2 protein chains.
Amino acid sequence: MLKKERQAYILRQVSLHNSVLSADLSAEIQVSEDTIRRDLNELAEEGKVIKVHGGALSKSFNSFYLRSDVFHGEQKKIIGQKAISLLKDGMFVLSGGGTTVIETARMLPETLLATFLTGSIPAAYEYAQHPNSEVIFIGDKISKKSQIAVGGEAISKIKSVKADICIMGINAMDIENGITDNDWDVVILKKAMLEASNLKVVLSISEKLNSVQRIKICGLNQIDILITELDKDDPILAPYRDSGITIL
Amino acid sequence: MLKKERQAYILRQVSLHNSVLSADLSAEIQVSEDTIRRDLNELAEEGKVIKVHGGALSKSFNSFYLRSDVFHGEQKKIIGQKAISLLKDGMFVLSGGGTTVIETARMLPETLLATFLTGSIPAAYEYAQHPNSEVIFIGDKISKKSQIAVGGEAISKIKSVKADICIMGINAMDIENGITDNDWDVVILKKAMLEASNLKVVLSISEKLNSVQRIKICGLNQIDILITELDKDDPILAPYRDSGITIL
DNA sequence: CTAAAAACCGCAAAAAGTTGCAATTTTTCT
DNA sequence: AGAAAAATTGCAACTTTTTGCGGTTTTTAG
């Protein structure tokens, strides 16, 4: 096998798998790892791959996760749009504090006249920017991790209300375990929020679906509506629809 | 799995869930926790995540408020420095929400170990950034004008505590009328704050001195300490010193 | 205050990389 | 064609990086 051929093969593998191991290539093409390394170094010098210890990465690999923030931003805007369609004038809304919820808060139509109840500092801040809606903050000790009021006072306050709708971002959710999280205080709070609301709406980018974390918040049967950035007929969502949740 | 891949995976998880546990990652990627820790440390050094005991946090999550440089920033920093000298470990601090107070909050020494009680969203946010202090938010309806919780609940909550010190920005103050403001809700709140504290400290840039607004909060005799950006012997401050206030 | 979890430290083994060199192949030039 | 030059390749010795592990210290939470 010629050098050029070999390098072409390597490039194909890289673009195919996003990453290659020197050892693998060596075995596949039956040349020494030294040769592979020299090839990878050349390709790296030509800027065709990114050389790392143990192999090489595709050039597009870098921007892949650097861009993810913006990328997620777009997804969250789609989710926000759908969520807003659920809000009507006069509603009493219990709101969580994740980035998805905050994105939604920024998109509220100016004309909406609702009351928002939240324990999240960033969410309260966003809602407070809105010209017509009213904001009630549930005070208590602030958890630094999540910028959310946690503790008995907040819980009992939430339990004393009955909201029309609860809009909540989540960290992880799957068919078996329902909605899960890894922060005890947050779990307690979210449980209380769900109990205090008539309509229970969960916002989540699809990437968070089918993942699990330590502590259970509730089963899927507790949830009324699931909003993701996907089309409501997307096959990923099918099992959730089957378990009785309305998909938006 | 290559090191870079692994770190990319970690970054993805962080941006997805806002926080990760070393133990979880270790189990997911099938490497030792030491390796995860080393990765997290590297990512933290590169400024991509925030390392904490047990895992790491997303960096972007904490940056909702873009630092809007306030008017008279330099003057307020001088005031902040002076105010900080009053704070000692273990203190229970009742804090207002003006820009001056927020500037002070940003300058708190990392070692300070105090508890802050506030009804201001921006102030709570700043205090929550501090590594060692505890933050308690006084929840209630949020006044949009001032981003502060106002209302009966907040008032009664404040009245139920006794703070060591009250740090409060003001809108107007003069010899004759004392401290005045033009927002009824804020006035009520500030009155309650002053009553609930032992040491009453007022922060104000000199521009606000010798001006009056509609509603009276309290007379000068209620105030213990006045902090401005001026030297404490400045003639502008003389009448206030004469009326019994300590000038810093 | 105490026990458990996490972080740190140093070490050693394994994996990957580097370098120099000799053997082989390819290219070039007459 | 055939010899010299150049490029390529594999190998061996050595260096560097990465990783996991045991023991100790620090931090956290009850």
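Here is how names work: the chains are called A, B, and so on, in the same order as the sequence lines, proteins then strands, and each is numbered from 1. The model shown is predicted, which means the values in this text are computed figures rather than measured ones. What you see below is based on every heavy atom in this structure, not just the backbone, and it leaves out hydrogens, waters and symmetry mates.
- Residue B:K3 has no polar side-chain atom (N or O) positioned under 4.0 Å from OP1 or OP2 of C:dA16.
- Comparing atom distances between the A:T35 side chain and each of D:dG10, D:dT18, D:dT27 picks out D:dG10 as nearest.
- In this structure, A:K51 places its NZ atom 8 Å from C1' of C:dG17, rounding to the nearest Å.
- The nearest whole Å value for the distance from the CG atom in B:L2 to the P atom in D:dT18 is 11 Å.
- At the phosphate of D:dT9, neither OP1 nor OP2 sits under 4.0 Å from any side-chain N or O atom of A:S32.
- One atom, CD of A:Q30, and another, P of D:dG10, lie 10 Å apart when rounded to the nearest Å.
- Computed from coordinates, the B:L21 CG to C:dA6 C1' distance equals 11 Å when rounded to whole Å.
- Take the nearest nucleotide of DNA chain C for B:R37 and for A:N41: the residue whose nucleotide is more 5' is B:R37.
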Please walk me through it: do B:I84 and B:L108 pass side chain to side chain contact (heavy atoms under 4.5 Å, CB included)?
CA-CA 7 Å; B:I84 283 169; B:L108 291 178; 4.1 Å; yes

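- Here the P atom of nucleotide C:dA16 and the NZ atom of B:K4 are 16 Å apart, to the nearest Å.
- Between B:S22 and C:dA6 there is no side-chain polar atom (N or O) within less than 4.0 angstrom of OP1 or OP2.
- Proximity of B:R6 to the phosphate of D:dT19: a side-chain N or O atom is located under 4.0 Å from OP1 or OP2.
- The interatomic distance linking B:E42 (CD) with D:dT19 (C1') rounds to 12 Å, in whole Å.
- Checking B:D34 against B:A23, the closest nucleotide of DNA chain C that is more toward the 5' end is the one next to B:A23.
- Classified by interplanar angle (parallel below 30°, tilted 30° to 60°, perpendicular above 60°), the ring pair B:F116/B:Y127 is parallel.
- When only modelled atom types and interatomic distance are considered, B:E103 and B:Q81 share no side-chain donor-acceptor pair under 3.5 Å.
- In this structure, the ring of A:Y125 has its center no less than 6.0 angstrom from the ring center of B:Y125.
- A distance-only check finds a donor-acceptor pair linking the side chain of A:K208 to the backbone of A:I170 [under 3.5 Å].
- When the C1' atom of C:dT18 is taken as reference, atom CG of A:D39 falls 16 Å away, rounded to whole Å.
- Across the protein-nucleic acid pair, B:R38 atom CZ and C:dA6 atom P stand 17 Å apart, rounded to whole Å.
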